[in-house]
Number of protein chains: 2
Amino acid sequence: MAIDPTDPRSPSRQIADELREEITSGRLAPGDALPSEKMLVGRFGTAPATARQAVRLLKEEGLVVAERGKGVYVKRQPPTIRLGSHRFSRQTRAEGKSAFEAEIERQGLEWGQEVLELAEVPAPEWVAEWLGVDAGATVFVRRRRNLVGDTPTQLADSYYRLDTVEDTAIRTPDTGPGGSYARLEEKGLTLERFREEIRIRMPTPTEVQGLRLTPGTPVAELRRIAFGASGPLEVLESVVSGDSHVFCYEFAAPE
Amino acid sequence: MAIDPTDPRSPSRQIADELREEITSGRLAPGDALPSEKMLVGRFGTAPATARQAVRLLKEEGLVVAERGKGVYVKRQPPTIRLGSHRFSRQTRAEGKSAFEAEIERQGLEWGQEVLELAEVPAPEWVAEWLGVDAGATVFVRRRRNLVGDTPTQLADSYYRLDTVEDTAIRTPDTGPGGSYARLEEKGLTLERFREEIRIRMPTPTEVQGLRLTPGTPVAELRRIAFGASGPLEVLESVVSGDSHVFCYEFAAPE
DNA sequence: AAGTGGTCTAGACCACGAT
DNA sequence: TCGTGGTCTAGACCACTTC
């Protein structure tokens, strides 16, 4: 139970491994408090900073989360949001629901959205390339934050060519029933296929704040391009917290 | 350039933000060395541990990587491996290439694979469910590690029902040309569709070692089920390093 | 030998939560 | 008020790399 000086692992590693074992074995369940720093010092006989280092390792692994003035707790699993290709069903749009909304309600969760910015901006390089416009051309961007319950789970920026969204509710805070895709189809711009790319990384400090992420939570960066008959209609970049999302895809075996 | 005591950010945050700005602005390019701990102490006038704390924040963000006895360097972008639905083309199998192999060679990279274990094991719960066998039933598992160049990038465990792989090279170290999917099709088990789920998390210490991950690198956990006409043929669980992979999917707009 | 990061000791003060 | 974690000071020793 104490530190073994002959062990090749450093003391902080030994403490971290011991606590991790208690977590994975279930002796410490999600929501349970870890021993406080002082208790670890007493139990293992190290300096406070060494006990802290051990707890920090577990935080970096995303196993535990500290709450200021209270203690360090084994992370609870947040409700999982499944993001799948069935999001883009025309049928759900007909029912007046957006892709995100449909996905959340299908799972019986509450839903919310904040519009952060509506603006005309110079297109970032990759957006210009995907939208098929000149580098630096002006495009319309819709930045928003999606909420499940009262916790933000997704930052999403949609980019459009100016002529695509001309005279549509996509340029206004409320896009109306069925969301922006419904507005595009009303204009005769039928969505035919999608391409998505998912990258994985640690969040920037801005994203940590915007998504209220706890340390040790990675994010997925999703880029989507929605194609109509005549070319790309929307390019989306979205950052979602990794601990509450699963991406699901189904596809037939190609030739 | 020094610490501002009136700044609400803690000194280590101020140093980290300053260094991050130098990285994102390009003044410190990928591969460049950060100022050493002692230089940071001289420049900002803090205790060594405070400078260390700043560097640790950047490591947790995955922006920098420390090399023992040398210094701390801005991370280089490793070559990106695109994992897309076109991996499973029957045509590439006909050319004698496995899904992974095809993907790598398409990008002009070198390829390797180590078989870690071939065994009959009791099915983990989710595998039993996906394969459609009883919980705890015996299944065949093929554990392997994929390499690009000499760096491991992917740990992959494939599970099969015993009757599926009976009398096939899938039970042997070398599955032969076209990989295991080619062997299944030779048996008349045609692959018809796939379902994939991607989760994002921080790696376990075992995975850090197995994939030679640097601190601050998240991983993706990919679960795939391959369906034949008569039901599931293979269930795969794969862990891939987040900093060298992009997942790509294309799909038509569903009804 | 000199420089680097990794870890540790042994304290200190602060902000915050619970009582 | 007391216990908690968050941050800091001011050193120390070690393992490793480079010269």
Side-chain angles (χ1 to χ4, degrees), chain A residues 2-19 28 31-60 63-75 205 208-209 212-216, chain B residues 2-19 28 31-60 62-75 205 208-209 213-216:
Chain A
I3 296 300
D4 175 3
T6 70
D7 195 312
R9 296 171 303 165
S10 68
S12 59
R13 273 313 271 259
Q14 291 181 46
I15 299 175
D17 288 352
E18 165 74 20
L19 292 175
L28 281 173
D32 284 358
L34 257 61
S36 77
E37 181 182 309
K38 279 190 178 119
M39 295 189 64
L40 290 175
V41 167
R43 179 160 141 198
F44 292 96
T46 67
T50 306
R52 292 191 66 70
Q53 162 81 351
V55 175
R56 174 165 42 233
L57 290 171
L58 298 177
K59 281 191 264 191
E60 284 170 26
L63 281 178
V64 302
V65 57
E67 290 178 36
R68 242 231 169 58
K70 295 172 72 178
V72 179
Y73 299 88
V74 180
K75 256 194 203 174
V208 168
Q209 207 173 27
R212 284 199 232 128
L213 299 174
T214 57
Chain B
I3 296 300
D4 175 4
T6 70
D7 195 312
R9 297 172 303 166
S10 69
S12 59
R13 273 317 268 257
Q14 291 181 45
I15 299 175
D17 288 352
E18 166 73 20
L19 292 174
L28 283 172
D32 284 358
L34 257 62
S36 77
E37 180 182 311
K38 280 190 177 120
M39 293 189 63
L40 290 174
V41 166
R43 179 159 141 198
F44 292 96
T46 67
T50 305
R52 292 191 67 70
Q53 162 81 351
V55 175
R56 174 163 45 232
L57 291 172
L58 299 178
K59 281 192 263 192
E60 285 171 27
L63 281 179
V64 302
V65 57
E67 291 177 37
R68 241 204 148 83
K70 295 172 71 179
V72 179
Y73 299 87
V74 180
K75 256 195 204 170
V208 169
Q209 208 171 27
L213 299 174
T214 56

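By convention in this document, chain letters (A, B, ...) are assigned in the order of the sequence lines, proteins followed by strands, and residues within each chain are numbered from 1.
Scanning both residues, A33(A) and L28(A), for their nearest heavy atoms gives O-CD2, 3.8 Å. Nearest heavy atoms, P48(B) versus V41(B): CA-CG2, 3.5 Å. Pairing each heavy atom of K75(B) with each of G62(B), the nearest pair is CD-O, 3.3 Å.
Side-chain atoms of Q14(A) come within 3.5 Å of backbone N or O of R9(A) as a donor-acceptor pair.
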Stepwise salt bridge (Lys or Arg N to Asp or Glu O under 4.0 Å) check, E18(B) with R13(B): CA-CA 8 Å; E18(B) 166 73 20; R13(B) 273 317 268 257; over 6 Å; no
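When the shell of 6.0 Å around CD of Q209(A) is examined, it contains 12 or fewer heavy atoms from other residues, nucleotides or ligands.
Whole-Å rounding puts the M39(B) CE to dT4(C) P distance at 8 Å. With rounding to whole Å, R56(B) atom CZ is found 14 Å from dG5(C) atom P.
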Dump every N/O contact between nucleotides 6-16 of chain C and the protein below 3.5 Å, one line per pair.
from: dG6(C); atom 1: OP2; to: R52(B); atom 2: NH2; distance (Å): 3.1
from: dG6(C); atom 1: OP2; to: K59(B); atom 2: NZ; distance (Å): 3.0
from: dC8(C); atom 1: OP1; to: P11(A); atom 2: N; distance (Å): 2.9
from: dC8(C); atom 1: OP1; to: S12(A); atom 2: N; distance (Å): 2.9
from: dC8(C); atom 1: OP2; to: S12(A); atom 2: OG; distance (Å): 2.9
from: dT9(C); atom 1: OP2; to: A47(A); atom 2: N; distance (Å): 2.9
from: dT9(C); atom 1: OP2; to: T50(A); atom 2: OG1; distance (Å): 2.3

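Between the axis at the start and the axis at the end of the helix from dA1(C)-dT18(D) to dA18(C)-dT1(D) there is an angle of 10°, using five pairs per end and rounding to 10 degrees.
Annotation: the span from T50(A) atom OG1 to L40(A) atom CG amounts to 11.0 Å, rounded to 0.5 Å. The CG atom of L19(A) sits 6.0 Å away from atom CZ of R43(A), with the distance rounded to the nearest 0.5 Å.
Contact between the side-chain N/O atoms of S36(A) and the OP1/OP2 oxygens of dT4(D) is found at a separation under 4.0 Å.
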